[in-house]
Amino acid sequence: MSLLNFRRTAPASFPQNEQITALMQGFSIEVMPRTADKIPDFRTLLPAGTRVYIAHIEGTPIADMVVTAARLRAQGMEPMPHFPARIIADRAELADWLARYQGEADIREALMLGGGVTTPKGIYDNSMQMLETGLFDNFQRLHVAGHPEGNRDIAADGGHDVIHKALQWKQEFAREKGIDMAIVTQFAFEAKPIIAWAQGLRDQGINLPVHLGVAGPAKLQTLIKFAIACGVGPSLKVLQKRAKDVTKLLLPFEPTELVTDLAAHKAAKPDFAVERLHFFPLGGIKASTDWTIAHGGPSSRPAVQP
């Protein structure tokens, strides 16, 4: 994720769509330590209290993760670090991470993941094993992963049965422990499969709210690269169709059409499982926050105005 060319300009002004502004309230965004280092002050980009996920890529020192979390906390954001099971050696290492996060950054929330590593580093293969340690029982909020288009790392056939059973287990865990829990998803590019997936959750008795992953504005080539790497399935055809149009090939792809469709569905069906949006700034944080400021209404304005 490139965060170069950070000098701010005023985002373009758009007529406000009340359905979009309603869905945009409480949106979150993701950073990595190396990209966060390029941001002088998150308050000039994001509303106060924005949840900022900190992606933990294999090989990133825990010290870098904790420093990033502490800076986000100091700047008035709500840091939510990733805990990828397959890169954690054992209970002692997990406990050390938690002690450092809580001691130095007052972490109260976490995203629990299996992680994209094929071979586990240690004893954990999935997020349920970490939850069973009891180390997260005092957290205020835990998020778990969702996959609207399946996840072949979990189910080779791309099906949802195994994933649904895991989500049912996690939902019951959260109920027993009194912890707020939500599902945060991989990004997709088309509303129809997302809506069908969300209904499938409810049909399976999974009532956790969904924070839907959305790819922020980025070059088409960048999005296609990330989509293939992340296993995005049916909705990839939206990008492939656009790539055939040479008049659009060099223009940034924006999530406006997707968010418009989802917001309209939410307005028509308030019980729609998608409660919040979570932005993956694949084209850079400035591009994503310019979009959220332009489309999100008053609640999306930065804490500190440029």
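None of the values given here were measured: they were computed from a predicted structure.
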Looking at residues at least two apart in the chain, or sitting in another chain, which of them share a side chain to side chain donor-acceptor pair (under 3.5 Å) with Ser300?
none
Minimum side-chain heavy-atom gap His56-Pro81 below 4.5 Å
no
For Gln19 and Ala267, the nearest pair of non-hydrogen atoms, with its separation, is NE2-CB, 3.6 Å
Identify, with sequence neighbours excluded, every residue that meets side-chain contact (heavy atoms from CB on, under 4.5 Å) alongside Asn138.
Gln102
Check Pro40 against Arg71 and note the closest heavy-atom contact, atom names and distance.
O-NH1, 3.7 Å
Reported CG-to-CD1 distance for the pair Asp290 and Ile285, which is rounded to 0.5 angstrom:
11.5 Å
I'd like to check the side-chain contact (heavy atoms from CB on, under 4.5 Å) partners of Asp203; sequence neighbours left out, ordered by chain and number.
Gln199
Can you list the residues that meet the side chain to side chain donor-acceptor pair (under 3.5 Å) rule with Asp106, with sequence neighbours excluded?
Arg108
With rounding to the nearest 0.5 Å, note down the distance linking CD1 in Ile123 to CZ in Arg86.
14.0 Å
Is it true that Thr185 and Trp197 share a donor-acceptor pair across their side chains at a distance under 3.5 Å?
no
Report the hydrophobic cluster partners of Leu113, with the cluster defined as I, L, V, M, F, W, Y residues connected by side-chain heavy atoms closer than 4.5 angstrom, directly or transitively.
Tyr53, Met80, Leu111, Val184
Can you tell if the side chain of Pro302 reaches within under 4.5 Å of the side chain of Leu46, non-hydrogen atoms only?
no
What's the spacing between Ile88 CD1 and Asp96 CG if we round to 0.5 Å?
11.0 Å
Side-chain heavy atoms nearer than 4.5 Å, only ILVMFWY residues, links allowed to pass through others: does that put Leu208 and Phe173 together?
yes
Sort and list the pairs that fulfil ring pair (Phe, Tyr, Trp, His ring centres under 6.0 Å) and have at least one residue in residues 16-35, not counting sequence neighbours.
Phe27-Phe279
Passes ring pair (Phe, Tyr, Trp, His ring centres under 6.0 Å), Phe83 versus Tyr101? Steps please.
CA-CA 11 Å; Phe83 284 83; Tyr101 274 129; 5.5 Å; yes
With sequence neighbours excluded, residues passing side-chain contact (heavy atoms from CB on, under 4.5 Å) with Gln168
Lys165, Gln204, Ile206
With hydrophobic residues grouped by side-chain heavy-atom distances under 4.5 Å, do Val31 and Val67 end up in a single group?
no
Enclosure of Glu18 CD (heavy-atom neighbours >12, cutoff 6.0 Å)
no
Contact summary for Arg73 and Ala105, nearest pair of heavy atoms:
NE-O, 3.2 Å
I'd like to check the salt bridge (Lys or Arg N to Asp or Glu O under 4.0 Å) partners of Arg276; sequence neighbours left out, ordered by chain and number.
none
Starting from the C-alpha separation in whole Å, work towards a yes-or-no answer on ring pair (Phe, Tyr, Trp, His ring centres under 6.0 Å) for His164 and Trp169.
CA-CA 9 Å; His164 282 161; Trp169 185 96; over 10 Å; no
Residue pairs involving residues 176-186 (criterion salt bridge (charged side-chain N to carboxylate O under 4.0 Å, His left out); sequence neighbours excluded):
Asp137-Lys177
Shortest non-hydrogen contact between Gly205 and Gln171, atoms and distance
O-NE2, 3.0 Å
For residues 47-61, which residue pairs pass the salt bridge (charged side-chain N to carboxylate O under 4.0 Å, His left out) check, not counting sequence neighbours?
Arg51-Glu109
Atom pairs and distances, side-chain donor-acceptor, residues 127-135, under 3.5 Å, sequence neighbours left out:
unit_1, atom_1, unit_2, atom_2, d
Ser127, OG, Lys170, NZ, 3.2
Gln129, OE1, Asp125, N, 2.5
Gln129, OE1, Asn126, N, 3.2
Thr133, OG1, Met130, O, 2.6
Thr133, OG1, Leu135, N, 3.2

Taking the inter-plane angle between the rings of His278 and Phe280 on a 0 to 90° scale, is it parallel (under 30°), tilted (30 to 60°) or perpendicular (over 60°)?
perpendicular
For Lys266 and Val274 the tightest heavy-atom approach is NZ-O, 3.1 Å
Are side-chain heavy atoms of Pro217 and Ser288 found at a separation under 4.5 Å?
yes
Can you name the nearest heavy-atom pair linking Leu167 to Ala145, along with the distance?
CD2-O, 3.8 Å
Ala89: partners by side-chain contact (heavy atoms from CB on, under 4.5 Å), with sequence neighbours left out:
Glu93, Lys121
Hey, is Lys269 close enough to Asp271 for a salt bridge, meaning N to O under 4.0 Å?
no
